Number of protein chains: 2
Amino acid sequence: MDSLLDRQFSALADPTRRAILARLARGEATVGELQRPFGISQPAISRHLKVLESAGLIEGGKAAQARPRRLKADALDDARQWIDGLRTLWSDSFDQLDAFLKATEGKAE
Amino acid sequence: MDSLLDRQFSALADPTRRAILARLARGEATVGELQRPFGISQPAISRHLKVLESAGLIEGGKAAQARPRRLKADALDDARQWIDGLRTLWSDSFDQLDAFLKATEGKAE
DNA sequence: GTGTTATATAACTATCATGTTATATGCAAG
DNA sequence: CTTGCATATAACATGATAGTTATATAACAC
């Protein structure tokens with residue numbers, strides 16, 4: 001039972017899945033269209049798509065013989081926010097160091 | 001032989017490692033200090049740190065009895081850029097759709 | 001109905017990840 | 001030089017991941 005964030009980051013950890021996302025960012029595509037560029041089997045693609053879907057990154061075609069997938073609009077917002085949050089923590093800690101240095105300035109040496 | 005980006009994203013996929021990064025964003029810490037909050041063994045922490053280091057996210061203490069780790073300044077720049085790149089592709093494709101809709105406006109129906 | 005196409009699922013295999021405990025290393029204190 | 005502390009590494013169990021081939025399902029074409 002892992003979190004959405006877990007699933008998003010581990011979805012991104014695979015280069016094939018990143019390539020699929022990059023392809024889908026240009027527009028929707030079917031399983032067959034996605035398969036061709038990569039040298040791997042169709043079931044392998046289907047499973048990558050399942051992983052991406054359960055990470056909330058893509059959404060599935062309604063139904064038909066072909067069911068095209070597309071990027072979700074808010075895809076990766078969570079991941080991005082986490083990274084930004086870390087950066088904020090990080091720069092705040094520098095601000096604190098700055099403040100400390102300013103406060104103690106001239107007292108040493 | 002996987003890329004830095006692979007390593008960064010898979011490093012982030014683990015909640016323990018994300019917590020470690022969050023802790024280190026506040027300032028450097030030793031293995032012992034990192035271990036306490038989590039209920040896992042010291043070797044497990046050491047290995048998480050190794051993963052984070054090989055992803056270029058943290059850097060190691062010089063040497064001593066205790067060797068504190070700290071966040072690297074440019075940590076996650078690569079991951080962040082990849083996500084931003086995807087978002088750019090995505091919004092460009094919307095711009096193109098917009099342009100298309102504007103161009104064909106009034107011609108249909 | 002039968003056949004064809006697009007996709008999903010099952011069963012299996014190989015590799016990788018994460019945790020454990022036990023042990024080694026490196027440094028500091030006495 | 002021995003003891004103790006902080007960390008690293010080895011060896012192992014277990015579960016997850018990513019690929020394979022073979023088969024099932026669903027919709028369309030005839």
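So you know, we letter chains A, B, ... as the sequences are listed, proteins then strands, and number each from 1. Because the structure is a prediction, the values reported are computed rather than measured.
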Run the salt-bridge test on [X] and [Y] with the 4.0 Å N-O cut-off and return the result as yes or no.
X: B:Arg80; Y: B:Asp84; result: yes
X: A:Asp77; Y: B:Arg87; result: yes
X: A:Arg69; Y: A:Glu28; result: no

Expressed as a whole number of angstroms, how long is the span from [X]:[atom1] to [N]:[atom2]?
X: A:Glu53; N: C:dT9; atom1: CD; atom2: C1'; result: 15 Å
X: A:Arg18; N: D:dA18; atom1: CZ; atom2: C1'; result: 15 Å
X: B:Leu49; N: C:dT18; atom1: CG; atom2: C1'; result: 14 Å
X: B:Lys50; N: D:dA10; atom1: NZ; atom2: C1'; result: 11 Å
X: B:Glu28; N: D:dA6; atom1: CD; atom2: P; result: 16 Å
X: B:Asp2; N: C:dT15; atom1: CG; atom2: P; result: 16 Å
X: B:Arg17; N: C:dA17; atom1: CZ; atom2: C1'; result: 8 Å
X: A:Ile20; N: C:dT7; atom1: CD1; atom2: C1'; result: 14 Å

So, does [X] get its side chain near the phosphate of [N], meaning an N or O under 4.0 Å from OP1 or OP2?
X: A:Arg67; N: D:dA26; answer: no
X: B:Arg69; N: D:dA8; answer: yes
X: A:His48; N: D:dG19; answer: yes

Self-check item: DNA chain D contacts made by residues 32-47 of chain A, counting heavy atoms under 4.0 Å
Solution: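 The stretch gives A:Ile40, A:Ser41, A:Pro43, A:Ala44, A:Arg47 as the residues lying under 4.0 Å from the strand, ordered by number.
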Quiz prompt | Closest non-hydrogen atom pair, A:Thr16 against A:Asp14 | solution =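 That would be N-OD1, 2.7 Å.
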Quiz item: Taking all non-hydrogen atoms of both residues, which atom of A:Val51 and which atom of A:Ala11 are closest, and how far apart?
Solution: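 Looking at all heavy atoms of both residues, the shortest contact is CG1-CB, 4.2 Å.
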Practice problem: Tell me what A:Ser10 touches on the nucleic acid: a base, only sugar-phosphate, or nothing, going by heavy atoms under 4.0 Å. | Solution: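 Answer is nothing: A:Ser10 stays at 4.0 Å or more from every strand.
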Would you tabulate the side-chain donor-acceptor contacts of residues 31-41 of chain B under 3.5 Å, counting partners in other chains and residues two or more places apart, or write 'none'?
| residue | atom | partner | partner atom | Å |
| --- | --- | --- | --- | --- |
| B:Glu33 | OE1 | B:Thr30 | N | 2.9 |
| B:Gln35 | NE2 | B:Ile40 | O | 3.4 |
| B:Ser41 | OG | B:Ala44 | N | 3.4 |

Quiz item: When hydrophobic residues are tied together by side-chain contacts of less than 4.5 Å, even through go-betweens, does B:Leu5 share a cluster with B:Ile58?
Solution: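 Yes; tracing contacts between hydrophobic side chains, which count when under 4.5 Å, links both residues.
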